[in-house]
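So the structure is just underneath, and the comments pick up after that.
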Amino acid sequence: MKLINTRPAILLSFVAACALSTAVFAAEDIKIGFVTTLTTGGAVIGNDQRDAVNLAMEQLGNTMGGKPATILFEDDGFKPEIGKQVTDKLIKQDKVDIMAGYIWSHVLMASYRSVVNADKILISANAGPSPLAGKLCHANFFSTSWQNDQTPMAMGELLNSKGVKSLYVMAPNYAAGKDMVAGVERTFKGEIIGRDLTKWGADAQLDFSAELAKARASGAEGLFVFYPGKAGGAFIQQYTQAGLQSELPLYTVFTVDSLSLPKLQAGGLDGVMGSEMTLFWSPDLDAPQNRIFVDGFREKYGRYPSFYAAQAYDAINLINAAAAELDGDLSDTDAVRAVLEKADFPSVRGNYTYGKNHMPIQNFYSRQVVADADGNWSTKITGTVYENHQDSYASECKL
Amino acid sequence: MLEVSALSKHYGGVKATDQVNLNVKAGECHAIIGPNGAGKTTLIGQLCGELLSDAGVIFFQGRNVTGLPMHRRVQLGLARSFQITSVFDDMTVLANVAVAVQANRGHSFRFWRPVSRNESINARALEVLRLVGMEVQHQQLAGALSHGERRQLEIAMALATEPQLLLLDEPMAGMGAEESNAMLAMLQALKGDITLLLVEHDMDVVFSLADTISVLVYGQVIETGSPAQIRNSATVREAYLGDAG
Amino acid sequence: MIAVQTINGLQLGILLFLLSSGLTLTFGIMDLINLSHASFYMLGAFVCASLTVLTGSFLLAIVMAVPITAFIAFVVEWSIVGRLYQRDHLDQLLATFGLILVADTLVHWFWGPSGLAVPLPAWLQGQVSLGASLFDPAIVIPTYRLLVLGFGIAVALGLFWLVGYTRTGMLIRAGASNRVMLSALGVNVRLLFTGVFALGSVFAALAGMLIAPVTEASIGMGNDIIITAFVVVIIGGVGSIKGALLAALFIGLVDTFGRAFLDVLLMQIMSSQAAETAAPAISAMLIYLLMAVILVVKPQGLFPPAQR
Amino acid sequence: MTDSRLPTGVALITLILLAGVPLSLYYAGHIFWLDIFTRAVVLAIAAASLNLMLGFAGLASFGHAAYLGIGAYAVGVPAYYETYGGGGMIASYSGWWHLGLALGASALFAAVTGAISLRTRGIHFIMITMAFGQMLFYLLVSIDEYGADDGMTVDLTSQFSHVDLSDPVMLFGICYGSLLLLLLLQYRLKHSHFGRILAAIKQNENRTRALGVNTFYYKLTAYVLAGVICAYAGVLMANFSTFISPGMIEWTRSGELMFMVILGGTAWVFGPVVGAMIFVLLEYFLAGLTVYWHLPFGLLLILTVLLFRGGLGGMLQRIGATRGEGQS
């Protein structure tokens, strides 16, 4: 009977020990929960964000407002339900002061309620789904990125100015993909000839042969795509192999970035050189904090940071601004919110302001793929499409 | 009791059974003999409903059962035992027979009362076990029985379905002399109460049990008659017994 | 566009065949359900990608990757899979699902999460024009996809020759229809099983190598396609190479045509927004529907090997 | 087959821990533990329902997570319509309506797919059940209104007159009570007339038919019963996680349910509960240790299969037998 008697005791003490271990942090330390993707192919983005967060913390000396600060990273596994589980854990178990991160719109949509209902603040370091900017906007939700529609809207304007008359559109079939398509269609004045939404998720469709054949046959003057993360590289490869550069110029949002360019360069896929995109930021953007960030990142990790990294870096510095003004006490959510709304911190994109839905009002630039002084492929700003642009859902927000 | 006419089953080009005619009278013990590969196992499969026939009809007690599934035929009183012993190894001997009793008593869609406390089922199962002389072992797990006992249990399970006609597929297979004698005695006791259709290799058993014998060669019945007729038939001797000796 | 999409569909089909031929063999002969077959698909892609970067030659990398993956297959068979042949299907499903997790994590750890692109030689980067047809004003196909199609067909022919006209093939066919007979023939069953497993795994790895220059090598790339490969095996009939080939080509065409034309068809009956969301999902559903219908009509698949 | 004393003792102690640990931790301020255990209990219900097929009748369904999804969407869809309009008669926050819808839809789905699937055997049964699960998965992915791939949040839990499911302790109590009831039901079922026929079918279906049993209807009943119970677990799951998505249905989820059952032991009524608990706790602790947690998890899966035949239940029974205390 020994087995029966000892087993529950072991289990109980194990469980208790694990529960208590989370209480080791002194109550005064600042704890920031950061949800991103650290497994599956999406980990490319998550690792870049984590590196940027660690860089920001290092530059801050791991203190905020005079208090020691810790980041607790959690992996969403690229799945909404896992994202929600780890968010609940950070809020209920680790009792973090503030939440940040969230690459994917569907993960954010599944998770944000757990944060705002606990009267905590969530700062999205990437995802900007339309409901959260409009009808479902919340006082405790902030973004250091953009609303999904804005970047493709800028692209639509860019296409208009280039005189493109017809467009074929491809995007993955999930919340952000649909937002991107809606965005470009809102401003593009020509005709949308065809549209393909492809399977997304951990088992996303990566072979686009059928869709590319359709795009070619459509006779459109341009091809607009949104394929973030690993799908972007696969898409560019197939686009190049299909020899479409000459007949169907490529216009992308969030597809060609510092994560995919080194791989594309290694693969010799120079079809991507010169391709154009729109974004709020670029490594060569002229802002004081951007030099500190990009140089620091390149020195520490030996590569260019992606815009995902830039947004994560900004999220940490935004939190730091609040901590500095409140002497490291983030317990009063109303006070924290008041500071965050000012957006008074050194952002990598220069200065920006917040709309009433807490989405940045900021510039959008057109950028182009070029080789830098050392021959590494990177992006360069070629012009400003929007100045101080506010997303179109802000008017629906009842705050 | 059982009338079979022109029953056939083909596997690709091979005719396992070919225009088999058979007439089993009530109360008799009818044996089917034949060399290996003559189609005996196929015939049993067709009769019990495990295999669907390509052609021919089967009448059981005046009723056409050709298209009926196996469990319906069993419910009508046409039971079988298996050549390769199949009992439920993880159940007790009693439970093995009780499953058959349950099946015989209609549906078992009863989800709450423990079946092991259903005295009426247990009593009937014990009665059948007594019939085959296995009453003492009723608490044992079937998997722990000897080969001979498992064959006896197998027959008990078939008997518990209260058959009018029992198909016995080589009941003596793999048995020692002592076990064979016990089984023979048991079958002899059954004879008369139940009609038996017996497939068996052991000629001693066949000739001591059977009232009628049909000889199956290459899927066809070449002769049917009393044991004495079969023993003296020139056709059979040529096609079958003659080869043997 | 029909001709182009047909070629796309056939190319997908031939890849599915490479993947499912090994599956149907291990299934038919060893009675093994091997989910981790997908891991060899991924492993082939990664090993080949690394070697391409290292040696600078894609073709050389393929030649070198084959023995490497065969060796890994041998080790996996010897250490884990070989112990599963006698177990029931559930145990096999679980253990090989565990193998998938292990393989995915090891690849993540070894190669990082970003995956690898495979540079192609210049002569494979181009396109081939195949003239025009009634429905296609111009048939333009990436050269590399044609190569995949051709190479796949060559490998498939090789497999048919191996299974149909050699002594080893005779044993494999015998094993697929009757396992007991093999040991009765005095065959070293253990050795044959190891060989068949390694052969099947190399075929899966080859499929992965061929697709890597198109989709890049990425973690978990096999986990979705393995289910499709199982559908192919079941539709074709477990253990039947011929069945696997026909089913693979069929599924490849159905999937490609679904993605290419279904949204246009659906727009006739629903809004274009709804059609664009529904079309990819419904075309993904099609293959499962097909399998269910085929199993209802023929519970053993289209070409079950003769029993007994 | 008889439950020996050692497994029964372990079962009882596990049941006590299952309620005691999360509740005491919850009141000590560690509220997240209640979440973990609620999830474990709901998954235990789902796994136990699978065991009704897998363990009782030997039917290896690889699409069982579909019923979790049916139950969950039976909560999410009516609530969605009630909030945003449309849906006609379906729209409602009522818990009884959600339950009725879940049980009705799952029974229908199970009856239709079961009648088709049960024509096949072995690997073909495994694959065809998976195919039906995948069909439902892609169906939900294709419905834009219900969020397609992204899923939907459940804004308001199912409403009952005296029970508030948004209260975590109350919800846990309901889940735990349901599990106890289900275990009692399964225990009785296993030893009932019906249970014995299922056991006979599991061991030798052909023999059972040769005894005059129309095995199809027994298998179908087990199949439908398992589906309906799992849909009930789905209703609880939707109320617990307040987020539902097609991801709940994917074949890997069905595989996880299977893993829980086999880890605990199919021959043991209580096995799936132990399996689900170990699964959830393991996932939680390993994921907290390293991003490479799938490696030890995968190895554990392999080892479970290679070393523990019959799962933990089988192991306990062997230990019990060698100590001579649990012979049946």
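In what follows, chains carry the letters A, B, and so on, assigned in the order in which the sequence lines appear, proteins first and then strands, with residues in each chain numbered from 1.
Proximity to chain A (any heavy atom under 4.5 Å) is restricted, for C:Ile211, to the side chain, taken from C-beta onward. Both the backbone and the side chain of C:Val214 come within contact range of chain A, each with at least one heavy atom under 4.5 Å from a heavy atom of that chain. Looking at A:Leu38, the atoms closer than 4.5 Å to chain C (heavy atoms on both sides) all sit in the backbone: N, CA, C or O. Looking at C:Asn223, there are no atoms closer than 4.5 Å to chain A (heavy atoms on both sides), in backbone or side chain. If you measure heavy-atom distances from A:Ala213 to chain C, the contacts under 4.5 Å come from both the backbone and the side chain. Only the backbone of C:Ala212 comes within contact range of chain A, with heavy atoms under 4.5 Å apart.
Residues C:Asp255 and C:Ser283 bring no donor and acceptor atom of their side chains to less than 3.5 Å of each other.
Ranked by heavy-atom pairs shorter than 4.5 Å toward chain C, the options A:Gln205, A:Gln238, A:Lys214 are led by A:Lys214. Interface remark: of the candidates A:Ser260, A:Ala217, A:Ala242, A:Ala266, A:Ala242 forms the most heavy-atom pairs closer than 4.5 Å to chain C. Of the residues considered (C:Pro119, C:Pro142, C:Pro113, C:Gly112), C:Pro113 shows the highest number of contacts with chain A, using heavy-atom pairs under 4.5 Å. Of the listed residues (C:Leu12, C:Ile225, C:Thr215, C:Thr256), the one with the most heavy-atom contacts under 4.5 Å to chain A is C:Thr215.
For the pair A:Asp51 and A:Arg303, the salt-bridge criterion is met [side-chain N within less than 4.0 Å of a carboxylate O]. Contact check on A:Asp179 versus A:Arg186 returns no salt bridge, with no Lys/Arg side-chain nitrogen under 4.0 Å from an Asp/Glu carboxylate oxygen. A:Glu211 has a carboxylate O that lies under 4.0 Å from a charged side-chain N of C:Arg259, or vice versa, which qualifies the two as a salt bridge. In summary, A:Asp207 and C:Arg145 engage in a salt bridge, as defined by a charged side-chain N under 4.0 Å from a carboxylate O.
Applying the side-chain hydrogen bond (donor to acceptor under 3.5 Å, both in side chains) test between A:Tyr227 and each of A:Thr252, A:Thr255, A:Thr198 identifies A:Thr198 as the sole match.
In the displayed structure, C:Phe250 atom CZ is contacted under 6.0 Å by at most 12 heavy atoms of other residues, nucleotides or ligands.
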